[in-house]
*Asks:* 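Pasting a structure here, questions to come.
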Protein chains: 2
Amino acid sequence: MSVQAQTDQLLQFFKIIGNESRLKVLGLLASDERSVGELAILLGLSEPTISHHLAVLRELDLVAMRVDGNNHIYWLNTTALEALNRNIFSQEQLATLAPEEGGRAWEAKVLRYYLVDGRLRAIPATQKKRQIVLRWLADQFEKGQDLPEAELNKRLKAFHPDVAALRRHLVEFKLMERKSNLYRRL
Amino acid sequence: MSVQAQTDQLLQFFKIIGNESRLKVLGLLASDERSVGELAILLGLSEPTISHHLAVLRELDLVAMRVDGNNHIYWLNTTALEALNRNIFSQEQLATLAPEEGGRAWEAKVLRYYLVDGRLRAIPATQKKRQIVLRWLADQFEKGQDLPEAELNKRLKAFHPDVAALRRHLVEFKLMERKSNLYRRL
DNA sequence: AATCTAATTCGACAGCTGTCAAATTAGATT
DNA sequence: AATCTAATTTGACAGCTGTCGAATTAGATT
């Protein structure tokens with residue numbers, strides 16, 4: 001089962017039992033099977049409402065139904081519950097629910113956010129993000145290459161209008177160094 | 001802890017994690033601690049939204065926070081999760097979530113529903129409920145007591161206008177018997 | 001001191017969801 | 001066949017909640 005599918009299933013399950021009425025229905029059915037009308041009276045709700053909740057619970061296979069005369073008798077599907085009972089909340093299990101692999105995804109997302117059509121939407125304010133973007137920017141230049149300031153400005157302009165800021169940051173992060181009038185990619 | 005409190009706590013917990021964003025936040029924090037801004041980018045949500053969710057999670061002690069410079073770093077409170085991990089969905093555990101003790105409560109609720117100010121709101125249509133209500137009605141008469149039909153009618157009228165139906169049902173359920181013109185409570 | 005940054009709070013809004021009354025359906029009883 | 005019963009479906013609505021932009025706050029940096 002894919003991670004996404006697993007997330008969805010778990011999420012769906014929590015959503016469904018994260019409702020007072022449905023949780024109580026499960027509670028009642030845990031001790032004995034019941035008809036719709038009985039549940040309605042016991043919970044002080046209308047029959048349509050109970051019927052609605054039971055339909056939801058049946059979709060997740062948490063309850064089952066049999067017809068008995070005019071009555072529809074519902075009971076708890078204990079096996080389905082037991083299956084969910086094991087280690088749902090262990091930290092390892094939870095980690096698999098992370099949208100993607102947390103570590104690498106972070107840098108990628110930052111870049112994806114700040115880069116539009118190969119240009120910078122802005123220079124990130126926070127150090128952490130700025131470093132990521134600037135590192136990418138530096139990678140657009142060949143290592144060890146020497147460039148006069150005029151040439152560097154011209155190429156930086158393709159990424160962002162504030163070329164002075166970009167130059168300064170590149171040096172700050174030790175991605176480039178300045179020697180007299182020449183900039184060199186480190 | 002009272003049953004009610006237990007229900008509430010469990011319900012609250014399910015409600016809180018029954019939300020895609022919050023579940024994903026927990027998933028991310030399961031692998032590493034994160035600042036608000038990081039979570040916002042990783043999940044593609046605004047910082048206010050993330051901040052809001054974190055406040056909710058913190059209320060349940062599912063996450064903790066420390067201040068680091070301008071950043072607020074959140075991490076998973078694993079002990080709180082482990083506490084919840086044990087046998088939440090066992091059938092016995094679930095049964096304790098029933099609104100009250102299922103068995104006796106049923107009859108009481110039916111009576112409470114049909115009796116308003118000592119009178120019957122209606123004669124229940126279903127056999128099961130009708131029997132409960134009629135049994136209560138019969139209990140309003142002394143056992144072994146003999147009553148002429150006129151007297152019985154008079155007393156039944158205090159409970160419901162359709163005295164003929166009540167008389168018939170009382171006999172049906174063998175709660176009273178008719179001998180010539182006399183009704184006797186059995 | 002003044003500015004800047006990250007986070008939070010506030011206010012507003014759209015979409016979802018739990019609920020019920022009314023209408024309908026499927027089945028049992030007369 | 002006609003009636004009655006329990007359940008479901010439909011339609012409507014109120015209340016909740018997740019989301020964001022704007023304003024604010026607390027701290028750090030200059």
Side-chain angles (χ1 to χ4, degrees), chain A residues 11-12 14-26 33-59 63-74 110 113 122-131 165 168-169 172, chain B residues 11-12 14-25 33-59 63-74 110 113 122-131 162 165 168-169 172:
Chain A
L11 176 62
Q12 196 187 7
F14 287 141
K15 267 189 180 153
I16 283 180
I17 63 174
N19 168 274
E20 183 168 5
S21 302
R22 280 191 293 261
L23 195 56
K24 283 182 177 172
V25 165
L26 288 180
E33 57 180 31
R34 296 280 183 186
S35 73
V36 176
E38 290 175 1
L39 291 170
I41 281 207
L42 283 167
L43 295 179
L45 294 172
S46 73
E47 295 203 3
T49 299
I50 296 293
S51 201
H52 164 63
H53 286 315
L54 288 171
V56 173
L57 290 173
R58 203 163 14 152
E59 228 169 82
V63 302
M65 189 265 276
R66 74 166 193 279
V67 176
D68 173 33
N70 272 329
N71 303 301
H72 291 193
I73 311 287
Y74 285 82
V110 170
Y113 177 79
I123 303 178
T126 99
Q127 293 298 311
K128 211 165 174 180
K129 294 178 200 163
R130 188 182 285 167
Q131 186 167 9
R168 181 161 34 85
H169 292 317
E172 266 172 14
Chain B
L11 176 62
Q12 196 187 7
F14 287 141
K15 268 189 179 150
I16 283 180
I17 62 173
N19 167 275
E20 183 167 6
S21 301
R22 280 191 294 260
L23 196 56
K24 283 181 177 171
V25 165
E33 58 180 30
R34 296 278 182 187
S35 74
V36 177
E38 289 175 2
L39 291 169
I41 282 207
L42 283 167
L43 294 178
L45 293 173
S46 73
E47 296 202 3
T49 300
I50 296 292
S51 200
H52 165 63
H53 286 316
L54 287 171
V56 173
L57 291 173
R58 204 165 15 154
E59 227 170 83
V63 303
M65 189 264 276
R66 76 167 192 279
V67 176
D68 175 33
N70 273 329
N71 302 301
H72 292 193
I73 310 287
Y74 285 82
V110 170
Y113 177 80
I123 304 177
T126 97
Q127 293 297 310
K128 212 167 173 178
K129 294 178 201 162
R130 189 183 283 167
Q131 187 167 8
D162 191 351
R168 180 160 37 83
H169 292 318
E172 266 172 15

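First the proteins, then the strands, lettered A, B, ... as listed; each starts at 1.
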*Asks:* To the nearest Å, give me how far apart CZ (B:Arg58) and C1' (C:dT8) are.
*Replies:*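 Between C1' of C:dT8 and CZ of B:Arg58: 10 Å.
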*Asks:* Tell me whether the side-chain N/O atoms of A:Ser51 come closer than 4.0 Å to OP1 or OP2 in D:dT9.
*Replies:* no
*Asks:* By the salt bridge (Lys or Arg N to Asp or Glu O under 4.0 Å) test, which pairs, at least two apart or in different chains, include something from residues 35-46 of chain B?
*Replies:* A:Lys128-B:Glu38, B:Arg34-B:Glu38
*Asks:* Provide, to the nearest angstrom, the distance between the NZ atom belonging to A:Lys24 and the C1' atom belonging to C:dG18.
*Replies:*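 For the pair A:Lys24 NZ and C:dG18 C1', the rounded distance is 14 Å.
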*Asks:* Whether B:Tyr74 contacts C:dT8 is assessed here as follows: a side-chain N or O lying under 4.0 Å from the phosphate OP1 or OP2. Is that the case?
*Replies:*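 For C:dT8, OP1/OP2 do have a side-chain N/O of B:Tyr74 under 4.0 Å.
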*Asks:* Can you check side-chain contact (heavy atoms from CB on, under 4.5 Å) on A:His53 and A:Asn19, steps first, answer last?
*Replies:* CA-CA 10 Å; A:His53 286 315; A:Asn19 168 274; 3.9 Å; yes
*Asks:* Starting at atom NE2 of B:His169, determine the distance to atom C1' of D:dC4, rounded to an integer number of angstrom.
*Replies:*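 Going from B:His169 (NE2) to D:dC4 (C1'), I get 13 Å.
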*Asks:* Just the rounded figure in Å: distance from C1' of C:dT17 to CD of A:Gln12.
*Replies:* 15 Å
*Asks:* A side-chain contact here means heavy atoms from C-beta on lying under 4.5 Å apart; do B:Leu54 and B:His72 qualify?
*Replies:*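 No, every pair of side-chain atoms sits at 4.5 Å or beyond.
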*Asks:* Could you tell me the separation between the CD atom of A:Glu20 and the P atom of D:dT17, rounded to a whole number of Å?
*Replies:* 12 Å
*Asks:* Can you tell me how far P of D:dA6 sits from CG of A:Leu39, to the nearest Å?
*Replies:* 14 Å
*Asks:* Can you check each nucleotide of nucleotides 19-30 of chain D against protein heavy atoms at under 4.0 Å and return B for base, S for sugar-phosphate only, - for none, in 5' to 3' order?
*Replies:* BBBB----BS--
*Asks:* Show the nearest heavy-atom pair for residues A:Ala40 and A:Glu47, with the distance to one decimal.
*Replies:*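 Closest heavy-atom pair between A:Ala40 and A:Glu47: CB-CG, 3.9 Å.
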*Asks:* Do B:Leu45 and B:Leu39 have side chains that get closer than 4.5 Å, going by heavy atoms?
*Replies:*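 SC-SC contact between B:Leu45 and B:Leu39 ruled out.
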*Asks:* Relative to the 5' end of DNA chain D, which residue comes earlier, B:Arg130 or A:Leu54, by the nucleotide with the nearest heavy atom?
*Replies:* B:Arg130
*Asks:* Between B:His72 and A:Gly18, just flag the one whose closest nucleotide in DNA chain C comes earlier from the 5' side.
*Replies:* B:His72
*Asks:* Using the side chain to side chain contact (heavy atoms under 4.5 Å, CB included) rule, pick out the option among A:Arg58, A:Glu33, A:Arg66 that qualifies with A:Tyr74.
*Replies:* A:Arg58
*Asks:* Can you name the closest pair of heavy atoms from B:Ser35 and B:Asn71 and give their distance?
*Replies:* CB-CB, 4.4 Å
*Asks:* Please report the distance, rounded to the nearest Å, between CG in B:Asn71 and C1' in C:dC4.
*Replies:*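 Whole-Å distance recorded here is 14 Å.
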*Asks:* Considering only heavy atoms from C-beta outward, does the side chain of B:Ser21 approach that of B:Thr49 to under 4.5 Å?
*Replies:* no
*Asks:* How many Å lie between NZ on A:Lys15 and P on C:dG18, as a whole number?
*Replies:*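 For the pair A:Lys15 NZ and C:dG18 P, the rounded distance is 10 Å.
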*Asks:* Once you round to the nearest 0.5 Å, how far does OG of B:Ser46 lie from NE2 of B:His52?
*Replies:* 10.5 Å
*Asks:* Give the stems involving DNA chain C, where a stem is 3 or more consecutive Watson-Crick or G-U wobble pairs (i with j, i+1 with j-1, and so on) under 3.5 Å.
*Replies:* C:1-30 with D:1-30
